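Only one structure is covered here, and it is reproduced in the block below.
Numbered from 1 within each chain, the chains take letters A, B, ... in sequence-line order. The shown structure was predicted, so the numbers you read here are calculated from the model rather than taken from an experiment.
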Number of protein chains: 2
Amino acid sequence: MSTHPPQPRHRRGSDQPTLAQVAEMAGVSSITASRALNAPERVNDATRQRVLDAMDRLGYVPNLVAGSLASSRSRFIAVIVPSLANTVFIEVIKGLQSTFEAAGYQILLGNTDYDIEREHRLVRTFLGWSCSALVTAGLRHTDACRKLLKGCDRPVMEVMELGDALDLNVGLDHVEAGRAMARHLVDRGYRRPLFVGARLGDDYRAQMRYRGHAEILEAAGMSPTVLELDQLGSLEAGAAGLERARRETPDVDAIHFANDDLASGALLHALRLGIRVPEEVAIAGFNGLPLGQFITPRLTTIQSPRDTIGRLAAQELLQRLEGKRVTRRQHDVGFELLIGDST
Amino acid sequence: MSTHPPQPRHRRGSDQPTLAQVAEMAGVSSITASRALNAPERVNDATRQRVLDAMDRLGYVPNLVAGSLASSRSRFIAVIVPSLANTVFIEVIKGLQSTFEAAGYQILLGNTDYDIEREHRLVRTFLGWSCSALVTAGLRHTDACRKLLKGCDRPVMEVMELGDALDLNVGLDHVEAGRAMARHLVDRGYRRPLFVGARLGDDYRAQMRYRGHAEILEAAGMSPTVLELDQLGSLEAGAAGLERARRETPDVDAIHFANDDLASGALLHALRLGIRVPEEVAIAGFNGLPLGQFITPRLTTIQSPRDTIGRLAAQELLQRLEGKRVTRRQHDVGFELLIGDST
DNA sequence: TACAACAATGTTAGCGCTAACATGTTAGCG
DNA sequence: CGCTAACATGTTAGCGCTAACATTGTTGTA
């Protein structure tokens, strides 16, 4: 019945030196050793030096897991993107990373593969790591995920597009971007423009651009048409798209591609086939990737400020994390129509 | 003198539900609730279902920080790369990420910006998070960092190039890759090849390729020359490199670029200027990026299996993490000379 | 029938750190 | 010189979870 006092159990996790050992060596209590690292101004200079020396001698590496549990704060920023194959997200990550790393935060990277169920699972995991903030690409989430994000009491940043966000939002208006390009095509006198995208089912931001495109065409009395390729966006897909477009709709005079990968592929392919651009067919893209701007004729496209999205999102979050009240929850980073020689 | 028993202090970290609350609701002890999640086979099905229901009702999110401290294991894989601007590293990350995420690990991403002091700091931080393993690009580290990695009792994987590694190593032989391309150029009859790189000081793998290149040229009785651009590698830099090369060494008959970005830029620029490739000047690269293979004339380059590096590294690490003894510490993923029409 | 082997669950004691409070020590000042 | 404020350091008790061992009941089997 009675539980006999069992012999003491020992369980040292790793054999790494601990703060207590450092403290002992320096002849102070462990809280002083802790403060020597985390609140140096609260410790006498000489004492602090002794502690730091002891750390050095022991090869002490702070156990951040323990610290995080005790303080219920980690210095993680969860970043969730739908794909790593797409330069666009990489550049956003780059912007986030450089700003956060400088402020002493770590990036926890998650990839949803365009699956919002996976996003939900990642959000749970990252919340479990008590991340300080979450950044996620896009406004689409499962209901459960939205609930989780709303109730998690941490800043949540949704990037890429603008809309009805949960908390903070940095991005651009993709419908408006679609409109801008379509307007440009209509203004230039193209009368049978075609919108060509790859895997539009996944890429709903491209769908939004198409919506803007369609709107303008209808307003101008033309009937919008879309051609969907089932390959992933790539140079080859763009080349194939050009051929299919001209075969299936021989009177097409302008192709508005969903992004620059497709558009550049089409443009290079047109050069190769001797199709004159823009005389025989105009080509336009979206993103403003370096390749499109390097080719002759230069690609007409829309510059999306991806690095800016990352940096601005990071700055806003840092403000919030430092306790400052954020006045604007939404930031439109805009876009720029780059008129090249392909339209 | 005597410490009076102070009133009990309370300190709830967050107001998230805890395992204990879940356990209470399900009418079990917290260890059973824990096992319901982490070792389901050790819990009766009916009990487990009660626990899971309770978790659901409370909106329980496991505190992974606490779990990690208690078990002194995290499911983090630290990945340290020198840059996110370079596709090459992104593709390695992609390979690592897809394999590890499927196995239930999280990626902790660090960027050194080609600074080994920063690498050292990142390693410390990541070790502090008790990551399960570390992956780092390259074999160059500070002495302190090397010591840390050697003593950390966790699998360490060095990727990209082969050499005298700390623990595990997956990569390819860059000197040999440089030799292979130089041999190809010599075999094709080029007699005044030039090696052109960007920021070679940072990019020591490119330096290794140059070493291989130089070796072959010397063996063939030619004198190797290198032209270093001070811009970052890009299409523009490649174009500039082509012009500078032809201006400064007018008799150059082949340019061996340090990578495909430069080579593709040069190739497209040559087309634009009407310089015939390879008749007037041959162009070769390294990496096998899609653009080079898409252009006509197709770029002669070396395919580096970046995705494979990531996947293989991840697989080997998983083996190790599952306790299997790893027999081979080093894996040469090789490379493939892609002979295009530009040489 | 006794006893091992297993399955299901519980008890206890940390993991290594920091928040919250307490205490001692020195400086500042009328 | 007494009192307070500011500084420097210490004590205690967790943070939420899981390892290690303990306990019970159930089954198989020699």
Side-chain angles (χ1 to χ4, degrees), chain A residues 1-24 26-48 50-51 55 58 60-74 127-130, chain B residues 1-24 26-48 50-51 55 58 60-74 127-130:
Chain A
M1 191 89 252
S2 71
T3 306
H4 312 292
Q7 53 266 49
R9 301 163 202 171
H10 284 300
R11 163 159 79 111
R12 281 301 317 287
S14 58
D15 43 9
Q16 294 285 326
T18 69
L19 242 203
Q21 291 170 39
V22 168
E24 199 192 344
V28 296
S29 72
S30 48
I31 190 71
T32 303
S34 167
R35 289 202 266 252
L37 276 185
N38 305 318
E41 75 286 356
R42 295 193 50 191
V43 177
N44 181 292
D45 280 354
T47 314
R48 186 160 55 88
R50 274 204 334 274
V51 172
M55 288 180 171
L58 289 171
Y60 172 71
V61 176
N63 184 328
L64 301 174
V65 177
S68 184
L69 177 60
S71 65
S72 58
R73 288 180 282 97
S74 80
L127 287 176
W129 282 110
S130 13
Chain B
M1 188 92 254
S2 72
T3 307
H4 312 293
Q7 53 266 49
R9 301 162 200 171
H10 284 299
R11 162 159 80 110
R12 280 301 317 287
S14 58
D15 42 10
Q16 295 285 326
T18 69
L19 243 202
Q21 292 169 37
V22 169
E24 198 192 344
V28 296
S29 71
S30 48
I31 190 73
T32 302
S34 167
R35 289 201 268 251
L37 276 186
N38 304 318
E41 75 287 355
R42 295 192 52 190
V43 177
N44 182 290
D45 281 353
T47 314
R48 185 160 54 91
R50 276 206 330 276
V51 172
M55 289 180 169
L58 289 172
Y60 172 72
V61 176
N63 184 329
L64 301 174
V65 177
S68 185
L69 176 61
S71 65
S72 59
R73 288 180 282 98
S74 79
L127 287 176
W129 282 111
S130 16

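Here C:dG10 presents its C1' atom at 15 Å from CG of B:Leu19, a figure rounded to the nearest Å. As rounded to whole Å, 15 Å separates atom C1' of C:dG16 from atom CG of A:Leu58. Between B:Glu24 atom CD and D:dC17 atom P there is a gap of 14 Å when expressed in whole angstrom units. The distance from atom CZ of A:Arg50 to atom C1' of D:dT9 is 11 Å, rounded to the nearest whole Å. Look at CZ on A:Arg48: it is 14 Å from C1' on D:dA8, rounded to the nearest Å. When rounded to the nearest whole Å, the span between CG of A:Leu37 and P of C:dC17 equals 10 Å. Atom C1' of nucleotide C:dG16 and atom CE of A:Met55 are separated by 12 Å, given to the nearest angstrom. If you take CZ of B:Arg35 and P of D:dC17, they are 15 Å apart, rounded to a whole angstrom.
Checking the phosphate oxygens (OP1, OP2) of D:dG10, a side-chain nitrogen or oxygen of A:Thr32 falls inside 4.0 Å. For the pair B:Thr47 and C:dT9, the criterion of a side-chain N or O lying under 4.0 Å from OP1 or OP2 is met. The side chain of B:Tyr60 places an N or O atom within less than 4.0 Å of a non-bridging phosphate oxygen (OP1 or OP2) of D:dC17. In terms of phosphate contacts, A:Ser34 brings a side-chain nitrogen or oxygen within less than 4.0 Å of OP1 or OP2 of C:dT18. The phosphate of D:dC15 (OP1 or OP2) has no side-chain N or O of B:Asn63 nearer than 4.0 angstrom.
Taking only side-chain atoms of A:Ser71, from C-beta outward, the nucleotide of C:dT18, D:dG10, C:dC17 with the closest atom is C:dT18. For A:Asn44, the side-chain atoms get nearest to D:dA8 when compared with the rest of D:dC17, D:dC15, D:dA8. Looking at the side chain of B:Arg73, the nearest of the listed nucleotides D:dA19, C:dT18, D:dG16 is D:dA19. Picking from C:dT9, C:dT18, D:dG10 the nucleotide with the shortest atom distance to the side chain of A:Ser30 gives C:dT18. For A:Ile31, counting side-chain heavy atoms from C-beta on, the closest listed nucleotide (D:dC17, C:dA8, D:dT11) is D:dT11. Candidate nucleotides D:dT9, D:dC17, C:dG16 were compared by shortest atom distance to the side chain of B:Leu69, and C:dG16 ranks first. Counting only heavy atoms from C-beta on, B:Ala70 has its side chain closest to C:dG14 among C:dG14, D:dG10, D:dT9.
B:Val22 pairs with exactly one of B:Leu58, B:Thr32, B:Leu37 by the side chain to side chain contact (heavy atoms under 4.5 Å, CB included) rule, that one being B:Leu58.
When Watson-Crick and G-U wobble pairs are counted only if both distances are under 3.5 Å, C:dG28 pairs with D:dC3. For D:dA30, the paired nucleotide is C:dT1, the pair qualifying as Watson-Crick or G-U wobble because both relevant distances are below 3.5 Å.
The closest donor-acceptor contact from the side chain of B:Ser34 to the backbone of B:Ser30 lies at 3.5 Å or more, if one exists at all. For B:Arg50 (side chain) and B:Ala26 (main-chain N/O), a donor-acceptor pair under 3.5 Å exists by modelled atom type.
To the nearest 0.5 Å, atoms CG (A:Asn63) and CG (B:Leu69) are separated by 6.0 Å.
Looking at which nucleotide of DNA chain D each of B:Val61 and B:Arg42 is closest to, the 5′-most match is held by B:Val61.
Contact of the B:Arg48 side chain with the B:Val51 side chain is not registered, since no non-hydrogen atoms from C-beta on lie closer than 4.5 Å.
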With side chain to side chain contact (heavy atoms under 4.5 Å, CB included) as the criterion, how do B:Ser72 and B:Ser130 come out once you've worked through the C-alpha distance, each side chain's angles and the decisive distance to 0.1 Å? CA-CA 7 Å; B:Ser72 59; B:Ser130 16; 6.0 Å; no
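Note on A:Val65: nothing from the nucleic acid sits closer than 4.0 angstrom, heavy atoms only.
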